[in-house]
> 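Just dropping this structure here.
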Protein chains: 2
Amino acid sequence: MGDGAAEKVRPRDRILGTARDLFHKHGIRGVGIDAITEAAGTNKMTLYRHFDSKDDLIIECLRTVACDANAIWNQFEAEHPNDKLGQLQAWVRTVADGLKVDGRGCDMANAAVELTEDDHPARQVIKELKTAQRDRLVGLCRDAGIEQAELLADTLSLLLEGARVSRQSVGAEGPSAQFVRMAEGVIASFRNTARA
Amino acid sequence: MGDGAAEKVRPRDRILGTARDLFHKHGIRGVGIDAITEAAGTNKMTLYRHFDSKDDLIIECLRTVACDANAIWNQFEAEHPNDKLGQLQAWVRTVADGLKVDGRGCDMANAAVELTEDDHPARQVIKELKTAQRDRLVGLCRDAGIEQAELLADTLSLLLEGARVSRQSVGAEGPSAQFVRMAEGVIASFRNTARA
DNA sequence: CTAGGGTGTGACCGGTCTGTAACTTCTGCC
DNA sequence: GGCAGAAGTTACAGACCGGTCACACCCTAG
């Protein structure tokens with residue numbers, strides 16, 4: 001029931017999509033393989049034919065998350081061509097909207113919290129993808145003409161990461177509600193600092 | 001073996017201490033009751049005689065974490081009497097040291113990430129205790145003569161929260177390494193803002 | 001000495017978890 | 001139409017989970 005047109009999607013992609021959704025909502029450790037296959041309208045054997053293990057599925061999910069994030073970055077560039085500062089402001093706005101809409105934070109960060117084993121295969125993937133995101137933000141800040149681009153990018157990163165986890169701890173009315181004001185203030189502060 | 005003097009500690013306190021330690025290291029969902037009782041040198045029945053359930057134990061652990069945090073706050077006051085700005089700087093330094101030493105973040109925030117059920121009994125406790133911490137930081141900022149005390153406190157909160165989760169994602173050499181510089185910069189910026 | 005409360009022991013329950021095996025059914029392509 | 005490969009089904013293995021039970025123990029207070 002209610003499947004309809006979506007049925008044409010390959011089982012692998014259905015599994016990937018629903019797993020990502022369920023992991024996001026209930027946490028990685030809070031979702032079992034059976035729940036994923038059932039929600040994806042398939043079965044356990046098919047899942048294990050496409051993915052070596054749950055860990056493999058987790059990693060593949062994180063990659064699609066990063067892929068979607070990159071698509072949004074590209075959208076910023078398309079909507080504000082040759083306006084790096086506009087792209088940075090779009091980033092702030094978009095990210096702040098996400099904070100209001102979604103109660104759970106960053107899938108990568110959440111995964112890092114949940115998967116506590118130091119040698120978990122997903123850990124290096126998380127580090128890799130998170131670092132790529134940081135690099136992209138640093139590049140944007142640098143292109144926007146900010147002197148201390150790394151420091152601004154890192155500051156914005158921590159503010160965002162903090163806002164997302166704070167939202168999960170104390171809710172949307174907590175400190176995370178001030179994210180836009182903070183981010184814009186920090187950006188303005190860095191733009192005025194030709195001295196330093 | 002290796003117990004010795006610590007044997008005089010009551011089972012309840014041993015359970016509480018080791019549970020807190022294991023939860024911190026491996027995450028709440030990553031530690032079973034059996035692992036706790038074994039590490040605490042006791043057994044499951046004794047645990048359940050002192051705590052109604054695992055959820056109850058989790059909540060009690062979080063309370064001791066908050067209690068310890070409050071003790072550190074009191075220490076700041078004792079070491080820098082009548083010097084609110086000194087207390088704020090001590091907070092920054094202490095918190096930054098914690099970032100270097102400990103690879104896992106805030107137990108409350110981690111618990112909020114792990115316990116995804118909206119009505120989980122620990123969630124309201126987390127919210128309550130986190131709010132209390134925020135209030136204390138706001139009070140400190142206000143007493144230090146900062147005009148926009150709430151905004152500064154919230155900014156510092158998000159920076160810290162973000163630094164702790166970033167450390168788990170990309171390691172100690174990532175953005176979290178700049179926490180002190182960011183925090184001091186933000187504080188200085190708020191002190192100079194009598195205008196605004 | 002004795003009574004009683006706190007503690008330890010081992011078995012057990014029902015449930016869930018990841019992952020596998022053998023077999024059947026469907027689907028797309030020549 | 002028929003064939004190969006993908007997908008579905010059922011059952012199962014082995015481990016672990018939170019939680020309970022009946023019972024034996026020990027230590028201390030009276």
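Quick note on labels: first sequence line is chain A, next is B, and so on, each numbered from 1. What you see below is based on every heavy atom in this structure, not just the backbone, and it leaves out hydrogens, waters and symmetry mates.
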> Would you call B/His120 and B/Glu114 a side-chain contact if the rule is heavy atoms closer than 4.5 Å?
no

> Rounding to a whole Å, what distance do you find between B/Arg14:CZ and C/dG8:C1'?
11 Å

> Starting from the first five and the last five pairs of the helix from C/dC1-D/dG30 to C/dC30-D/dG1, work out the angle between the resulting helix axes, to 10 degrees.
10°

> How far apart are the C-alpha atoms of B/Ser53 and B/Asp56, what are their side-chain angles, what is the distance that settles it, and do they pass the side-chain hydrogen bond (donor to acceptor under 3.5 Å, both in side chains) test?
CA-CA 5 Å; B/Ser53 62; B/Asp56 184 31; 5.7 Å; no

> Assess the residue pair A/Thr94 and A/Asp97 against the criterion (side-chain hydrogen bond (donor to acceptor under 3.5 Å, both in side chains)); give the C-alpha distance rounded to whole Å, side-chain angles, the decisive distance to 0.1 Å, and a yes or no.
CA-CA 5 Å; A/Thr94 304; A/Asp97 283 351; 5.9 Å; no

> Taking protein heavy atoms under 4.0 Å as touching, what does nucleotides 24-29 of chain D look like 5' to 3' if B marks base contact, S marks sugar-phosphate-only contact and - marks none?
------

> Specify the separation, in whole Å, of atom CZ of A/Arg12 and atom P of D/dG8.
15 Å

> Is there a side-chain contact between A/Thr46 and the phosphate of D/dG8, meaning an N or O under 4.0 Å from OP1 or OP2?
yes

> Can you tell me which nucleotide in C/dG19, D/dG18, D/dG8 comes closest to the side chain of A/Lys54?
C/dG19

> Mind checking whether B/Val31 and B/Ile36 have side chains closer than 4.5 Å, heavy atoms only?
yes

> Rounded off to whole Å, could you give me the CG-to-P distance for the B/Leu47 and D/dT20 pair?
11 Å

> Expressed in angstrom and rounded to an integer, what is the separation of B/Phe51 atom CZ from D/dT20 atom P?
15 Å

> Can you find a side chain N or O atom of B/His50 that sits less than 4.0 Å from OP1 or OP2 on C/dG6?
no

> When you get a sec, tell me which of D/dG8, C/dT18, C/dT7 is the closest nucleotide to the side chain of B/Arg10?
C/dT7

> Using whole Å, what does the distance between atom C1' of nucleotide C/dC17 and atom CD of A/Glu38 come to?
15 Å

> With a 4.5 Å cut-off on side-chain heavy atoms, are B/Glu161 and A/Glu161 touching?
no

> Can you confirm whether more than 12 heavy atoms, excluding those of B/Asn82, are under 6.0 Å from its CG atom?
no

> More 5' along DNA chain D: B/Val31 or A/Asn43, using each one's nearest nucleotide?
A/Asn43

> Is there a donor-acceptor pair closer than 3.5 Å between any side-chain N or O of A/Arg167 and the backbone N or O of A/Ser176?
no

> How many Å lie between CG on B/Asp34 and P on D/dC17, as a whole number?
6 Å

> Pick out the pairs of N or O atoms, protein on one side and nucleotides 22-25 of chain C on the other, that lie under 3.5 Å.
none

> What is the separation between atom OH on B/Tyr48 and atom P on D/dA22, rounded to the nearest whole Å?
18 Å

> Hey, mind stepping through A/His24 and A/Asp102 against side-chain hydrogen bond (donor to acceptor under 3.5 Å, both in side chains) and telling me if it holds?
CA-CA 10 Å; A/His24 179 79; A/Asp102 179 37; 2.9 Å; yes

> Could you check how far CD1 of A/Ile28 sits from P of C/dT16, rounded to whole Å?
21 Å

> State, yes or no, whether a side-chain contact exists between B/Leu115 and B/Ile28 at a heavy-atom distance under 4.5 Å.
yes

> For B/Glu38, is the CD atom crowded, meaning more than 12 foreign heavy atoms sit under 6.0 Å from it?
no

> For C/dG19, does the base pair up with any side-chain atom of A/Lys44 as donor and acceptor (N or O, under 3.5 Å, distance only)?
yes

> Should A/Arg136 and A/Gln133 be marked as a side-chain hydrogen bond (donor to acceptor under 3.5 Å, both in side chains) after you check the CA-CA gap, both sets of side-chain angles, and the distance that decides it?
CA-CA 5 Å; A/Arg136 191 141 187 184; A/Gln133 298 242 30; over 6 Å; no

> Is it the case that more than 12 heavy atoms not belonging to A/Gln124 sit under 6.0 Å from its CD atom?
no

